[in-house]
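First comes the structure, then the notes that go with it.
Residue indices begin at 1 and follow the sequence shown.
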Amino acid sequence: QLQLVESGGGLVQPGGSLRLSCAASGSTLDYYAIGWFRQAPGKEREGVSCISANGGSTKYADSVKGRFAISRDNAKNTVYLQMNSLKPEDTAVYYCARYYYCSGPLASWGRGTQVTVSS
């Protein structure tokens with residue numbers, strides 16, 4: 001029933017910022033841990049960040065710590081990923097995903113949004 005739709009991707013120069021949004025429909029996000037993973041051609045899926053259902057805890061991949069920040073607004077049924085100091089290595093399709101719990105397995109995900117970091 002839950003559907004996730006990502007938005008906010010685009011082309012940005014190195015050092016720039018983007019904010020991705022994950023909007024839910026069909027159900028509420030309140031009960032779920034929500035995170036982001038990314039995938040680039042020829043690379044394995046990489047978990048980027050996750051936030052617990054109540055927002056009480058977050059986790060980040062080492063590659064993005066200090067640069068990315070995840071947040072959620074359950075009243076708006078939306079999760080955000082603020083990405084700062086972007087690097088070309090961040091280029092990938094970013095997916096919003098429902099997790100059984102942060103550090104646990106993926107349950108479902110959206111269609112993704114492209115992030116391209118290039119001069």
Side-chain angles (χ1 to χ4, degrees):
Q1 291 182 301
L2 179 67
Q3 293 179 297
L4 302 173
V5 179
E6 303 92 335
S7 63
L11 175 65
V12 64
Q13 292 186 328
S17 298
L18 286 172
R19 189 177 76 158
L20 306 184
S21 297
C22 174
S25 62
S27 187
T28 178
L29 288 176
D30 294 9
Y31 308 115
Y32 307 118
I34 302 294
W36 297 85
F37 68 88
R38 63 188 182 185
Q39 190 162 26
K43 298 181 180 179
E44 294 185 356
R45 176 181 63 83
E46 178 186 21
V48 174
S49 186
C50 187
I51 186 166
S52 61
N54 64 6
S57 64
T58 59
K59 65 178 297 183
Y60 299 91
D62 289 342
S63 59
V64 306
K65 284 182 178 178
R67 299 189 297 120
F68 291 9
I70 191 169
S71 62
R72 67 189 300 158
D73 187 341
N74 286 345
K76 296 182 178 180
N77 227 19
T78 302
V79 172
Y80 305 97
L81 183 68
Q82 179 67 45
M83 305 186 295
N84 300 320
S85 301
L86 284 162
K87 304 175 181 179
E89 297 77 43
D90 296 317
T91 297
V93 178
Y94 284 70
Y95 297 87
C96 178
R98 175 171 67 90
Y99 294 79
Y100 291 106
Y101 50 89
C102 288
S103 299
L106 287 165
S108 61
W109 54 90
R111 61 189 177 185
T113 185
Q114 175 71 232
V115 172
T116 302
V117 185
S118 179
S119 298

Could you state the interatomic distance from [atom1] ([X]) to [atom2] ([Y]), rounded to the nearest 0.5 Å?
X	Y	atom1	atom2	result
Gln1	Thr28	CD	OG1	12.0 Å
Asn84	Leu18	CG	CG	9.5 Å
Cys22	Leu29	SG	CG	6.0 Å
Met83	Arg67	CE	CZ	9.5 Å
Ser25	Leu4	OG	CG	8.0 Å
Tyr60	Trp36	OH	CH2	12.5 Å

How about [X] and [Y]: do any of their side-chain heavy atoms sit closer than 4.5 Å?
X	Y	result
Pro14	Pro88	yes
Val117	Lys87	no
Phe37	Cys50	no
Leu81	Val48	yes

Inset, instruction - Decide, yes or no, whether a salt bridge links Lys65 with Asp62 under the criterion of side-chain N to carboxylate O below 4.0 Å. - result: yes
Minimum heavy-atom distance between [X] and [Y], given as atom pair plus value:
X	Y	answer
Ala53	Asn74	O-ND2, 3.5 Å
Ala92	Gln114	O-OE1, 3.4 Å
Gln39	Arg45	NE2-N, 3.9 Å

Legend entry - Trp109-Val93 co-clustered via ILVMFWY side chain contacts under 4.5 Å: yes
Inset, instruction - Check whether Val115 and Val5 end up in the same hydrophobic cluster, where Ile, Leu, Val, Met, Phe, Trp and Tyr are linked by side-chain heavy atoms less than 4.5 Å apart. - result: no
Legend entry - Qualifying residue, where the test is side chain to side chain contact (heavy atoms under 4.5 Å, CB included) with Tyr80 and the options are Asp73, Ile70, Ile51, Ile34: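 Only one of Asp73, Ile70, Ile51, Ile34 forms a side chain to side chain contact (heavy atoms under 4.5 Å, CB included) with Tyr80, namely Asp73.
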Inset, instruction - For Asn54, check side-chain hydrogen bond (donor to acceptor under 3.5 Å, both in side chains) against everything at least two apart and list the hits. - result: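 For Asn54, the residues satisfying side-chain hydrogen bond (donor to acceptor under 3.5 Å, both in side chains) (neighbours in sequence not counted) are Ser52.
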Inset, instruction - Check the pair Lys59 / Ser49 against side chain to side chain donor-acceptor pair (under 3.5 Å), numbers first and verdict last. - result: CA-CA 5 Å; Lys59 65 178 297 183; Ser49 186; over 6 Å; no
Main-chain N/O of [Y] paired with [X] side-chain donor or acceptor, under 3.5 Å:
X	Y	result
Tyr95	Glu6	no
Thr113	Tyr94	no
Ser118	Thr116	no

Legend entry - Residue pair Glu46 / Ser63, side-chain donor-acceptor N/O under 3.5 Å: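 Ser63 and Glu46 do have a side-chain donor-acceptor pair below 3.5 Å.
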Inset, instruction - Please confirm whether Arg98 makes a cation-pi placement over Tyr32, using NZ or CZ under 6.0 Å from the six-membered ring centre and within 45° of the ring normal. - result: yes
